[in-house]
Amino acid sequence: MTLAEPTSDVRVRFSPAPTGYLHVGSARSALFNWMYAARTEGTMILRVEDTDADRSQDELVQAIRDSLGWLGIDWHEEYRQSDRFDLYRAAAQDFVDRGLAYYCDCSQEDVKARIEAKGESGGYDSFCRDRGLGPAENTVVRFRTPTEGTTSYDDLIRGTVSFENDTLEDFVIVRSSGVPLFHVANAYDDLDMGITHVVRGEDLVNTVPRVLLLRQAMLGSSVFADREGLAEAPVFAHLPLIVNEQRKKLSKRRDDVSVGEFADRGFLPEAMRNYLLTLGWGPRDEGDEIRPIDELVPQFDLADINKAPAFFDIKKLEHFNGEYIRALPLDDFLTRVAPFVAEIDSGLFERMAPFVQGRLKRLDEAPSFLDWVVGDPREPEEKDWRKTMTKEKDRVPEVLDLVIERLADCPWEPEALEKAVFGVGEELGTKTQLPVRMALSGSRSGIPLFEPMVELDRDVVLDRLRAARAKV
RNA sequence: GCCCCCAUCGUUCAGUGGCCUAGGACACCUGCCUUUCACGCAGGCAACACGGGUUCGAAUCCCGUUGGGGGUGCCA
């Protein structure tokens, strides 16, 4: 499903920084925003927060858009913060004019040295607060934070969260390069774009007091003076983090979790999206968790989201994926799996597809089921070989001999092959499939035996059987 | 160090004072089905971190302890 034309006042935004590919954590933030927009028929906004020119890359913006699209996450409006620097700069200038912000020329080393000399901890020490500096080289603009009182807000997921203002430092809002920083841009845009709900990762909670202070200050500026209905701050909902097995926040560097890679590994977007949704949230009706998105949207609510971090369990994702793969109509399956089986003759694959489909957890596993049909049998595991071929060693040679004999002139079609192979078993009073399967494929498991078998030439089959016979 | 947050089976979701001898799903184990595997079906294992309160009654409310995480940038 895609988002409908908005009919409510709800406005949410997903605001990624294009400093890497979309990873599962941000994808989940995007998804929860999207779910809320879908449920409330609100407006979904994609806002690219590329204020850090050094780390932002243009091509990543498109990559992120692609990954969102792959997941079926769409949006109504799109903005780039780099297009809006003048707006943020003006807001910062306005703060300076009104005495809410000031210039500071301290280097990071200076600050650090002073703090250490005083034996204190923390970041900036408000050194330039009252020095009355003007704009100059290597000078930043800092926001003057209150020294007393508390800033608190109600989080839809966490309840009331409050911060003592004196723990807030005078943070930088404009770099010495003149480019505004995240906090101003974020506060300005949320205000300007009329964002009603801020849904994002828990790692952003402690930016809330800063953003709120900035918002309040902006409300006092002439830019927003005449705007109606802005006074109310957005509702915040901070999503629990998604963590790895060490219970640490998923990180791109060590955890290998970009959405694009999941696509490459043969995960279905519907499965991915469905799984992501169950991390920190469950359907209200306590029904099955694997369900089409449009059944889930109506019961979605931000207030129902869990507080505790959730482990990203690839095994469970694979289970979801397997279910979705099995549910695919055959021709749909064929289309989706095509990129993963490009090496295999398409006629052959299409004939084998019904047997492969039900056994996959990921689409990229498809070729492994046909390797022995397309090429040589795999080198059997020592343990498996022994178990299959020598455990009942008096029978296997007989079985193989007789199978070779029967197959020499039997009609080359599945039913006939099955009859021949099983017939040997009946004659000898033993099972025959496993030794034959092992001889042909090098494995004890796989797709049904006789259909792929006819895809091989009779000589090839007989050669493999003889080779196995020689080994037992 | 300082600030903020979190705490139910191995994992995940449910449970918002009595329906809980705590439920579902994944994983794992055992059967059944099947001359392979997978699917399916039937079972099994397995948790309210600890200590104090409040209450007739606490997984659910309060306090503390412990443990874990996030933040602490001229990143977002």
Side-chain angles (χ1 to χ4, degrees), chain A residues 15-20 26 49-52 54-56 81 104 106-108 119-124 138-142 155 157-159 161-164 166-169 171-183 185-186 200-209 238 240-241 243 245-249 275 278-290 304 306-320 322-323 326 355-361 369 388 418 421-422 425-426 430-438 441 443-449:
Chain A
S15 17
T19 56
S26 349
E49 306 217 326
D50 55 350
T51 52
D52 185 349
D54 292 340
R55 296 201 310 149
S56 297
Q81 288 190 327
C104 165
C106 298
S107 70
Q108 293 181 76
E120 289 173 1
S121 67
Y124 185 62
N138 295 323
T139 298
V140 300
V141 178
R142 288 183 183 272
D155 195 298
I157 297 170
R158 267 141 235 287
V161 182
S162 50
F163 299 82
E164 297 298 324
D166 63 3
T167 64
L168 266 27
E169 287 156 10
F171 55 96
V172 176
I173 55 176
V174 183
R175 296 172 168 89
S176 52
S177 66
V179 177
L181 267 103
F182 157 72
H183 299 289
N186 192 271
R200 25 115 94 148
E202 192 196 345
D203 50 345
L204 273 328
V205 231
N206 45 25
T207 71
V208 174
H238 286 93
L241 263 13
V243 298
E245 43 280 277
Q246 278 82 241
R247 297 254 127 210
K248 304 253 195 242
K249 175 170 116 171
Y275 175 66
T278 66
L279 253 27
W281 182 79
R284 271 223 148 147
D285 61 9
E286 294 183 39
D288 202 339
E289 46 185 6
I290 300 183
D304 293 337
N306 256 41
K307 298 182 222 245
F311 169 60
F312 187 80
D313 187 353
I314 196 86
K315 282 239 181 99
K316 189 150 183 180
L317 206 211
E318 286 183 338
H319 170 78
F320 273 53
E323 296 265 313
R326 279 193 291 281
F355 309 115
V356 173
Q357 182 179 7
R359 272 159 255 260
L360 296 179
K361 283 197 162 69
F369 283 92
T388 316
E418 176 169 344
V421 172
F422 285 178
E426 275 158 35
T430 184
K431 290 183 180 177
T432 55
Q433 179 174 172
L434 239 19
V436 173
R437 177 181 287 280
M438 179 54 82
S441 75
S443 167
R444 287 173 60 84
S445 63
I447 57 174
L449 188 56

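Chain letters run A, B, ... following the sequence lines, proteins first, then strands; residues in each count from 1. Since we're looking at a predicted model, the values are computed, not measured.
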Pairing partner of [N] (Watson-Crick or G-U wobble, both distances under 3.5 Å):
N       : answer
rA49(B) : rU65(B)
rG40(B) : rC32(B)
rG1(B)  : rU72(B)

Tell me the interatomic distance from [X], atom [atom1], to [N], atom [atom2], rounded to whole angstroms.
X       : N       : atom1 : atom2 : result
D313(A) : rG10(B) : CG    : C1'   : 10 Å
K249(A) : rC6(B)  : NZ    : C1'   : 16 Å
N306(A) : rU11(B) : CG    : P     : 14 Å
R200(A) : rG70(B) : CZ    : C1'   : 13 Å

Between Y275(A) (side chain only) and H319(A) (backbone N and O only), is there a donor and an acceptor less than 3.5 Å apart?
no

What's [X] touching, base or sugar-phosphate or nothing? Going by heavy atoms closer than 4.0 Å.
X       : answer
L449(A) : nothing
F182(A) : base
V205(A) : nothing

When you get a sec, tell me which of rU36(B), rC13(B), rA7(B) is the closest nucleotide to the side chain of K307(A)?
rA7(B)

Given rC5(B), rG71(B), rA27(B), which nucleotide is nearest the side-chain atoms of R158(A)?
rC5(B)

Is R326(A) atom CZ crowded by more than 12 heavy atoms from other residues, nucleotides or ligands, each under 6.0 Å away?
yes

Same-atom distance (P) from rG10(B) to rG31(B), integer angstrom
24 Å

For rG40(B) versus rC50(B), give the span between their C1' atoms, rounded off to a whole number of Å.
44 Å

Assign each of H319(A) and K248(A) the nucleotide of RNA chain B bearing its closest heavy atom; nearer the 5' end lies the nucleotide of H319(A)

